[in-house]
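Some notes on the structure that comes next.
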Amino acid sequence: VNIICFDAGSAPGDRDSLMAVNLVNNMPEGQMIVLTGNLHASLKKGYWQPGFRSAIYHLKSMTGLDDKIISLNTYVGGGTIWNCMQDGCREREAYSNKAIGERYGYTNFVVVDEQMEAQEGYSGFIYFDKVTASRPIKEK
């Protein structure tokens with residue numbers, strides 16, 4: 001298993017397109033699993049704000065892997081996440097989507113649904129009952 005860090009961080013330019021370039025430049029033969037936040041995983045243009053294109057949206061257009069990319073949104077029942085926003089990077093309460101777990105009656109599961117991509121920009125979702133924030137390996 002090869003692990004790469006692909007976030008462009010504060011590099012000049014469009015962060016998500018630079019992340020996609022980093023992924024393409026390190027794409028192995030065979031399969032690749034990309035772990036990234038929901039914002040960066042959307043397959044739909046305009047997610048979050050008009051005209052926005054996520055890293056995975058760019059990756060899809062750069063590679064022609066249209067029918068081979070499965071992008072999952074992440075939902076959680078509760079817990080904490082490590083998140084960087086305008087007020088800095090820190091541990092935050094995870095937005096609870098407990099109703100999803102209750103609706104399906106499962107714990108920690110994956111749903112792939114072709115209709116979700118057109119509506120929400122994801123091929124499906126992964127659900128975790130509870131998550132716990134993990135601090136970065138290296139502080140800035």
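The figures that follow rest on heavy atoms only: side chains count, while hydrogens, waters and symmetry mates do not. Numbering starts at 1 and runs along the sequence shown.
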Hydrophobic side-chain clustering at under 4.5 Å (ILVMFWY, transitive links): who's grouped with M116? Put none if nobody.
-> Y75, I100, Y104, Y106, F109, V111, F125, Y127

Mind checking what makes side chain to side chain contact (heavy atoms under 4.5 Å, CB included) contact with T80, not counting sequence neighbours?
-> E91, E93, T132, A133

Partner set under side chain to side chain contact (heavy atoms under 4.5 Å, CB included) for V110, not counting sequence neighbours | L72, V112, I126

Would you confirm whether T36, through its side chain, and A41, through its main-chain N or O, come within 3.5 Å as a donor-acceptor pair?
-> no

Whether D16 side chain and A55 backbone form a donor-acceptor pair below 3.5 Å | yes

Got a sec, which residues hit side chain to side chain contact (heavy atoms under 4.5 Å, CB included) with D67, two or more places apart in sequence or on another chain?
-> none

Of all heavy-atom pairs between G77 and S96, which one has the smallest distance, and what is that distance?
-> O-OG, 2.7 Å

Q49, CD: over 12 other non-hydrogen atoms inside 6.0 angstrom | yes

Which pair of non-hydrogen atoms, one from A94 and one from G78, has the smallest distance, and what is that distance?
-> CB-C, 4.4 Å

Can you find a pair of side-chain heavy atoms, one from R15 and one from H40, that are under 4.5 Å apart?
-> yes

State which residues pass ring-ring contact (aromatic ring centres under 6.0 Å, His included) with Y57; sequence neighbours excluded, sorted by chain then number.
-> none

Going by chain and number, the hydrophobic cluster around I4 (ILVMFWY, side chain to side chain under 4.5 Å) further includes F6, M19, V21, L23, V24, M27, M32, V34, L43, I56, L59, M62, L65, I69

Are the side chain of S61 and the backbone N or O of H58 linked by a donor-acceptor pair below 3.5 Å?
-> yes

Please check if the side chain of N38 supplies one atom and the backbone of T74 the other of a donor-acceptor pair under 3.5 Å.
-> yes

